[in-house]
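The chain is numbered in sequence order, starting from 1.
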Amino acid sequence: MCDKINAIHPLPENFYDLVMQREAIASTEFGNRTAVPHPVHLVMDETFVAIGILDKPIKWEKHHVKFIFMLCINKQSEEALSVFNEVLSSLVLNNKQIQELEKHADFKTIQQYIQSLSLEKSEQLKESIFQ
């Protein structure tokens with residue numbers, strides 16, 4: 001996934017290693033068919049999320065994962081990190097919403113849901129997290 005992101009949006013050279021270091025500390029799977037991998041510390045100059053929707057779920061650590069939300073958070077923005085945590089937690093822990101996303105597993109559906117949650121969680125979010 002890091003290679004695919006890097007082809008579209010350049011990542012720091014050590015981004016993959018930092019994600020794997022974070023995964024070694026504790027799995028980023030949330031259950032509910034979702035995982036939210038991210039680097040062990042903030043290294044990005046901007047905030048965005050890359051979304052992977054798998055055709056077939058894969059075994060992550062303990063559970064099967066179909067939706068992967070790769071977090072890329074601006075190293076200068078604690079607010080962005082807070083909003084992301086709240087929004088993605090609301091999404092990945094909502095079994096009903098995940099079931100709906102499985103029925104309509106496309107970027108547009110996920111984008112609409114996350115943007116709706118973002119507006120609920122923070123009226124101060126000025127830029128879209130989707131690029």
Side-chain angles (χ1 to χ4, degrees):
M1 194 166 175
C2 290
D3 288 340
K4 288 188 181 253
I5 296 167
N6 196 45
I8 297 166
H9 191 287
L11 296 172
E13 275 188 40
N14 63 343
F15 190 85
Y16 173 80
D17 293 332
L18 294 172
V19 170
M20 297 312 293
Q21 286 175 23
R22 170 60 185 87
E23 202 68 35
I25 293 168
S27 176
T28 57
E29 70 183 5
F30 272 74
N32 209 19
R33 296 172 296 289
T34 60
V36 186
H38 54 280
V40 70
H41 60 269
L42 303 179
V43 294
M44 299 300 297
D45 290 327
E46 61 185 306
T47 296
F48 64 94
V49 62
I51 302 169
I53 304 170
L54 305 177
D55 292 330
K56 290 182 178 181
I58 61 168
K59 181 90 175 221
W60 197 266
E61 183 175 297
K62 296 179 183 176
H63 305 283
H64 283 85
V65 168
K66 180 175 178 83
F67 301 99
I68 303 169
F69 299 89
M70 176 76 72
L71 298 184
C72 302
I73 307 292
N74 183 325
K75 61 187 168 197
Q76 303 296 322
S77 178
E78 291 298 320
E79 180 182 346
L81 181 58
S82 175
V83 170
F84 261 60
N85 284 336
E86 289 183 40
V87 168
L88 286 176
S89 293
S90 294
L91 172 63
V92 301
L93 298 175
N94 185 328
N95 193 44
K96 183 178 177 184
Q97 189 60 46
I98 292 296
Q99 288 175 351
E100 282 299 312
L101 289 177
E102 285 194 283
K103 291 178 192 172
H104 308 285
D106 59 70
F107 177 75
K108 185 117 179 116
T109 301
I110 293 173
Q111 180 183 20
Q112 288 172 343
Y113 187 69
I114 291 176
Q115 285 183 327
S116 172
L117 283 172
S118 293
L119 291 173
E120 288 174 23
K121 299 291 181 186
S122 174
E123 291 297 326
Q124 290 96 29
L125 189 63
K126 295 181 175 132
E127 60 183 286
S128 174
I129 58 175
F130 298 98
Q131 311 240 335

Discussion item. Would you compute the distance between atom CD of Q76 and atom CD of E46 and round it to the nearest 0.5 angstrom?
Written reply: 13.0 Å

Worksheet item: How close do L54 and I68 get, heavy atom to heavy atom, and via which atoms?
Response: CD1-CD1, 4.1 Å

Worksheet item: Do Y16 and V40 belong to the same hydrophobic cluster, where Ile, Leu, Val, Met, Phe, Trp and Tyr are linked whenever their side-chain heavy atoms lie under 4.5 Å apart, directly or via other members?
Response: no

Worksheet item: Between the side chain of T47 and the main-chain N/O of N74, is any donor-acceptor distance below 3.5 Å?
Response: yes

Discussion item. How close do G52 and M1 get, counting heavy atoms only, and between which atoms?
Written reply: N-CE, 3.4 Å

Practice prompt. First locate atom CG of L11, then atom CG of L18, and finally report the distance between them rounded to the nearest 0.5 Å.
Written response: 10.5 Å

Fill in: Lys/Arg N to Asp/Glu carboxylate O, K66 vs E102, below 4.0 Å
no

Response to the item:
In this structure, OG1 of T34 is separated from CH2 of W60 (nearest 0.5 Å) by 10.0 Å

Worksheet item: If we only count heavy atoms from C-beta on, is the D3 to N6 side-chain gap below 4.5 Å?
Response: no

Worksheet entry | Nearest-0.5 Å distance, CD of residue Q21 to CD1 of residue I25 | 7.5 Å

Worksheet item: Can you tell if the side chain of N32 reaches within under 4.5 Å of the side chain of F67, non-hydrogen atoms only?
Response: no

Response to the item:
Closest non-hydrogen atoms of V43 and P39, given as atom of the first, atom of the second and distance, are CG2-CG, 4.3 Å

Item to complete: Treating Ile, Leu, Val, Met, Phe, Trp and Tyr as nodes and any side-chain heavy-atom pair under 4.5 angstrom as an edge, say whether I8 and I73 lie in one connected cluster.
Response: no

Worksheet item: Are any of the side-chain heavy atoms of M70 and P37 separated by less than 4.5 Å?
Response: yes

Discussion item. Rounded at 0.5 Å granularity, tell me how far CD in E100 sits from OG1 in T109.
Written reply: 9.0 Å

Discussion item. Does D45 form a side-chain contact (heavy atoms from CB on, under 4.5 Å) with K75? I'd like the steps, not just the answer.
Written reply: CA-CA 6 Å; D45 290 327; K75 61 187 168 197; 3.1 Å; yes

Item to complete: Treating Ile, Leu, Val, Met, Phe, Trp and Tyr as nodes and any side-chain heavy-atom pair under 4.5 angstrom as an edge, say whether M20 and F69 lie in one connected cluster.
Response: no

Worksheet item: So do the side chains of P12 and M44 get within less than 4.5 Å of each other, counting heavy atoms only?
Response: yes

Practice prompt. Output, in order, the C-alpha distance, side-chain angles, deciding distance and verdict of side-chain contact (heavy atoms from CB on, under 4.5 Å) for S27 and H63.
Written response: CA-CA 10 Å; S27 176; H63 305 283; over 6 Å; no

Discussion item. Measuring only between side-chain heavy atoms, which start at C-beta, is P57 closer than 4.5 Å to R33?
Written reply: no

Discussion item. Show the nearest heavy-atom pair for residues L71 and F15, with the distance to one decimal.
Written reply: O-CZ, 4.1 Å

Discussion item. So does K62 get a backbone contact from the side chain of E29, meaning a donor-acceptor N/O pair under 3.5 Å?
Written reply: yes

